[in-house]
2 protein chains.
Amino acid sequence: MEEIQKILARNLKAIREKEKLSLEKVSELSGVSKAMIGQIERGDSSPTITTIWKIANGLKVSFTTLINVPQPDAKVVLRSEIQVLSEDNGRYKVFPIFPFQENKRFEIYSVEIEPEGNLNSVGHRDGGEEFITVFDGEVIITVNDCNYNLKNGDSIRFKADRPHTYYNSGDRLTRLSMTIYYPD
Amino acid sequence: MEEIQKILARNLKAIREKEKLSLEKVSELSGVSKAMIGQIERGDSSPTITTIWKIANGLKVSFTTLINVPQPDAKVVLRSEIQVLSEDNGRYKVFPIFPFQENKRFEIYSVEIEPEGNLNSVGHRDGGEEFITVFDGEVIITVNDCNYNLKNGDSIRFKADRPHTYYNSGDRLTRLSMTIYYPD
DNA sequence: TCTATTTGTATGCTATAATGTATAAAAAGG
DNA sequence: CCTTTTTATACATTATAGCATACAAATAGA
């Protein structure tokens, strides 16, 4: 029995218990036999993707809910705790706030750019996407040679797996929130 | 043949072509037979979770990469386009920037709170989690009766499926970035 | 153009997923 | 406590996943 089967078994059983459903009920909801639901929960069988799909749909949960592992409560990150990363002679500063987590697939930064400060990025991992909101100042973001002029309060999302740049075109500090999503 | 099989077929074939791998090579990397890889790509078979796990690991991609559907490039959201939601007699304003997307599982807002403005939340959907960073002013966030005093540049993440409140304890506008994650 | 190599597909066989049914065990109700 | 109902598991059968092998088709190189 593979580890992934155990994970699936635990998650399915946990969901079923939490919702207070019998094997019979899950069977009705999903269109998968009661005996098969039981086999899966005991880790006695490695179900096909079609079967899992039916179960996920029947229980109205996602695949990842069935194949991932759980985590804990509130956590504060003070600015003083953050190890800042500088580029462009200190004119571009990145504050890594919430690191990447495998089961969430995103990480969060805040960014500060001094006037005329800039950063060129060759692009991140495949399929990555950035979500940026301007909280102070202004910025010109270039993606695939397209310039996007953003003012205070504006936002942009773009595919981050290609060359892109950030440039503070104003005369005061620019501050951005940055959420980077990775599909894998 | 189920729809999920077609999706899987398309994604696997796309990855293989992109990486310029032969069926033989994917077979070596994953430990799944060449014939089976071919069957999966043609949608001729509904593989078990163990088989998909092996393929995902062999190709170093996630499950979601194999079972999800692709999207387009950069998109700008100007502040003027955002429909603001107000609470507490206008002292608490929410700007929905990037709406929830099923395949990413998070949504992004910015929030503005006037001095003494506050909001009580009974909690969102099960397992939801909030990631907040202060970009201006200060805020007291309460989660499970615990108060967290955050200053400019500080951040917090907390389980959002329980009662929580936001209160501007300062004497000027507070601005927050808010990323809400939902497991399903 | 021809030959050798690589690649994808077809086929038959084995292993196992998935089911329906029977039954033992657990839970609910009087 | 006893009886009925519900629930989970065992078992036999059917369908199909997964594999090894052969071969046709496509590609690469001389």
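Proteins come first, then strands; the chains are lettered A, B, ... in the order of their sequence lines, and each starts at number 1. Every heavy atom of this structure was used, including side-chain atoms; hydrogens, water molecules and symmetry mates were not.
Distance check: A/Thr142 OG1 to A/Phe158 CZ gives 9.5 Å after rounding to the nearest 0.5 Å.
Taking the ring centroids of A/Tyr109 and A/Phe98, they lie at or beyond the 6.0 Å cut-off. Ring centroids of B/Phe131 and A/Phe106 are separated by less than 6.0 Å, placing the two rings close together.
Checking A/Leu119, A/Asp145, A/Ile141, A/Asn120 one by one against A/Thr165, the side chain to side chain contact (heavy atoms under 4.5 Å, CB included) holds for a single residue, A/Asn120. Checked against A/Glu112 for a salt bridge (charged side-chain N to carboxylate O under 4.0 Å, His left out), the options A/Lys93, A/Arg79, A/Arg91, A/Arg172 give a single hit: A/Arg79.
Counted by atom type alone, B/Glu130 and B/Tyr166 present one or more donor-acceptor pairs between their side chains at under 3.5 Å.
More than 12 heavy atoms of other residues, nucleotides or ligands lie within 6.0 Å of CD in B/Glu3, so this atom counts as buried by the packing criterion.
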Worksheet item: Nucleotide by nucleotide, 5' to 3', does protein get under 4.0 Å of the base (B), only the sugar-phosphate (S), or neither (-) in nucleotides 7-20 of chain C, counting heavy atoms?
Response: SBBB------SBBB

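Taking 4.0 Å as the cut-off between side-chain N and carboxylate O, A/Glu129 and A/Lys159 do not count as a salt-bridged pair.
A/Lys20 has its NZ atom 15 Å from the C1' atom of C/dA27, to the nearest Å. Rounded to an integer number of Å, the gap from CD of A/Glu2 to C1' of D/dA17 is 15 Å.
Overall bending of the helix from C/dT1-D/dA30 to C/dG30-D/dC1, expressed as the angle between end axes built from five pairs apiece, is 50° (10° steps).
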